[in-house]
2 protein chains.
Amino acid sequence: MATIKDVAKLAGVALSTASYALSGDSRVSSKTRSKVLEAARQLNYRKNGFAMDLKRSRTNTIALILTDLSGPYYSELIRSVQEVALTNGYDLIACSSMGGRDSTAVKFLREKRADGAIILAPNIRDEVLIETSGPQFPIVIMDRPLCSEYLVNVLVDGEQGGYTATRYLIENGHRQVAYISGSADSYDNHLRYQGYLRALAEAGLEEQSKWRLSGNFVREGGYNATKMMIMQGTLPSAVFYGNDEMAIGGLKAFEESGISVPNDVSVIGYDDIQLAEYVNPPLTTIRQPKSEAGSLAAHLLFQILSGESVKQSYMLTTEMMERASAGKSKVEN
Amino acid sequence: MATIKDVAKLAGVALSTASYALSGDSRVSSKTRSKVLEAARQLNYRKNGFAMDLKRSRTNTIALILTDLSGPYYSELIRSVQEVALTNGYDLIACSSMGGRDSTAVKFLREKRADGAIILAPNIRDEVLIETSGPQFPIVIMDRPLCSEYLVNVLVDGEQGGYTATRYLIENGHRQVAYISGSADSYDNHLRYQGYLRALAEAGLEEQSKWRLSGNFVREGGYNATKMMIMQGTLPSAVFYGNDEMAIGGLKAFEESGISVPNDVSVIGYDDIQLAEYVNPPLTTIRQPKSEAGSLAAHLLFQILSGESVKQSYMLTTEMMERASAGKSKVEN
DNA sequence: CTGAAAGCGCTAACAA
DNA sequence: TTGTTAGCGCTTTCAG
């Protein structure tokens, strides 16, 4: 691999001149510049990214840390982050936090292989985040509330969302509302569940343990939990699934058992994934402002990077998407 | 940020000793080692990744280049690549090729910020791939056939898949088979279409231009193309969609128009995305061996990296997933 | 076992 | 405008 030294030699100029010419500095004469460029072309010279990073101690890259590179992605969110990064002339790379303490993600953070990071990976420990963040390495956290000097929070109000969903069901006359929960250790799940409880309490309803099943946030889990509920004999009049994936699994289980949604039971999901409007019946759900959140997160990062000061925490709210899977309760109350 | 120099000074040893101790070299006494480790702890020392990369000119990372970080992902494929990378003790990072010649991906390739790459990004030009690949930087290409010394191909036989799908329809009595194509410049689309044509020709059927519409590989496109077909007045007896996304859009269009699938028209997709079995009716489709392909690609990369020689090109075959969206033709032939 | 010293390839202050 | 030079932080000979 040719180095800048070779280029300088071939072009017959000094190392620094070659460097300047190559990076388009205006103080080299255009004649010299073209000589250098030509030499570079001849040698098929490519600058070594690491040497540059080392020297400048800036990478012009931000990292997006995800639990699992293979999704299920918050694709809208990622898209908006990507757009903002591109607009600001930064590169965006994604890495996974799978693999525990030796994960690529943790290494990335510790070794500061980017100028900042956006975190969407609940399995990265708080301490790692607090330790690695700093004035030269701001971090935006989107998956938990966590405050520290160089950490900024961008969250979506899940408690509010859970409340809204449950409230909607109650207002439609449902008094038996099941909750199919996501992973027990998930902060998001916790929030949605709290919202559910609040709506229940407000309506003077009691939570029934038989109507709280776990689906682990996956389709299969929602399917199994629903099957189990069906086998139990009595059905609630409505079920609030902790996310759309589970709700879709639930829809399938109901269909297989000849139970009509929303005639026999109302279903509401959470997330408004793309798929939600395509399933049968189209899924009523809670939409999270994903693009807004992603774009806000990225903007914040760049603001911090450019020395502006920002609020420590931002909370966005959800929106109800009324479709066909939830209707009025048929039972007398 | 503390450097290894500071650590050495605090521990009262030479720079190199600190380096050895930190990287677990066996020639430092355990007493010295713990002294160094303690100093590092006190200073909250983190090694600088770039300096290491620069010195060793190896990153222990492979790059996965995707058209768009926000998917639609080949998540199974990515998952298997991820697993193999992890097993081999390598890090995997993903980056997007959005942004043309200045995309993060192209920069990554040119500046060799990884030890090798897997490409799933048709918008990266052949020349870039050929230029950047080399003995120290093998590339596995999964989105087009492209051969060169340090390029390896892992492809799925799309022509065969297109042929199989169409053939299946024809064997079920359909003689009017429409093809909803993906992006015109997509190599995958081209292949599937060729397979479609071959099956048609073999059955003595002619392609009809009114039954070849474009849906650009997206759901919305499939929906629109189908609407257009419906508006045309006469319907084909079956339609082969270039991918599942478009097929799902098509299903929605048929449903909205009160056209029953598969009673009035048979539908077949391509890809077998997760969603395929959840839509209504469950989608008959062509499954690509994504996990196998991903895992093969990653293995190949590591084999090349460790100096073994491999074949230049691998071709995997598809599999038919019979579900409910395609049935026997109702019309007399 | 330890320490001094030579770079990896590049940028940027400084000098000419 | 161009050239000289001093590192960025680390690994790794090579002598002690």
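Owing to the predicted nature of the structure, the values given are computational and were not obtained by experimental measurement. Sequence lines set the chain letters: A, B, ... in the order given, protein chains first and strands last, and positions in each chain run from 1.
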Quiz item: Between A:Asn48 (CG) and D:dC8 (C1'), how many Å, whole number?
Solution: 13 Å
Quiz item: Is it true that A:Asp68 and B:Arg79 have a side-chain N and a carboxylate O under 4.0 angstrom from each other?
Solution: yes
Quiz item: Considering only C:dG9, D:dT4, D:dC10, which nucleotide approaches the side chain of A:Thr3 most closely?
Solution: C:dG9
Self-check item: N/O donor-acceptor pair, side chain A:Ser16 with base D:dT2, under 3.5 angstrom
Solution: no
Quiz item: Are any of A:Lys47's side-chain N or O atoms less than 4.0 Å away from OP1 or OP2 of C:dT11?
Solution: yes
Quiz item: On a plain distance test, is the side chain of A:Lys55 in donor-acceptor contact with the base of D:dG7 below 3.5 Å?
Solution: yes
Self-check item: C:dG3 OP1/OP2 closer than 4.0 Å to side-chain N/O of B:Thr17
Solution: yes
Quiz item: To the nearest Å, how far apart are A:Asp25 CG and C:dC10 P?
Solution: 17 Å
Quiz item: Does A:Ser19 make a side-chain donor-acceptor contact with the base of C:dA12, cut-off 3.5 Å?
Solution: no
Practice problem: Quick one: do A:Ser16 and A:Ser19 satisfy side chain to side chain donor-acceptor pair (under 3.5 Å)? Show the steps, please. | Solution: CA-CA 5 Å; A:Ser16 60; A:Ser19 173; over 6 Å; no
Quiz item: Heavy atoms under 4.0 Å, any strand shown: does A:Tyr20 hit a base, just sugar-phosphate, or nothing?
Solution: base
Quiz item: How many Å lie between CD on A:Gln136 and P on D:dC8, as a whole number?
Solution: 16 Å
Quiz item: Whole-Å distance between D:dT11 P and B:Lys5 NZ?
Solution: 14 Å
Quiz item: Which whole-number value in Å describes the distance from A:Leu15 CG to C:dC10 P?
Solution: 8 Å
Exercise. Could you give me the CA-CA distance, side-chain angles and deciding distance for A:Asp91 and B:Phe108, then say whether side-chain contact (heavy atoms from CB on, under 4.5 Å) is met?
Key: CA-CA 10 Å; A:Asp91 290 320; B:Phe108 231 84; over 6 Å; no
Self-check item: Gap between atoms CG and C1', on A:Leu22 and C:dC10 respectively (whole Å)
Solution: 11 Å
Practice problem: Dump the intermediate steps for side chain to side chain donor-acceptor pair (under 3.5 Å) on B:Arg46 and B:Asn44, then the final yes or no. | Solution: CA-CA 7 Å; B:Arg46 301 285 164 221; B:Asn44 190 27; 3.1 Å; yes
Quiz item: Base, sugar-phosphate alone, or nothing: which one does B:Ser23 contact when heavy atoms must sit under 4.0 Å apart?
Solution: nothing
Practice problem: Mind checking the CG-CZ spacing from B:Leu146 to B:Arg125? Nearest 0.5 Å is all I need. | Solution: 12.0 Å
Quiz item: For B:Ile4 and C:dG3, what is the distance between atoms CD1 and P respectively, to the nearest whole Å?
Solution: 13 Å
Quiz item: Between atom CG in A:Asp53 and atom P in D:dC8, what is the gap in whole Å?
Solution: 16 Å
Exercise. Describe the nucleic acid contact of A:Ser57 in one word from base, sugar-phosphate, nothing, applying a heavy-atom distance below 4.0 Å.
Key: nothing
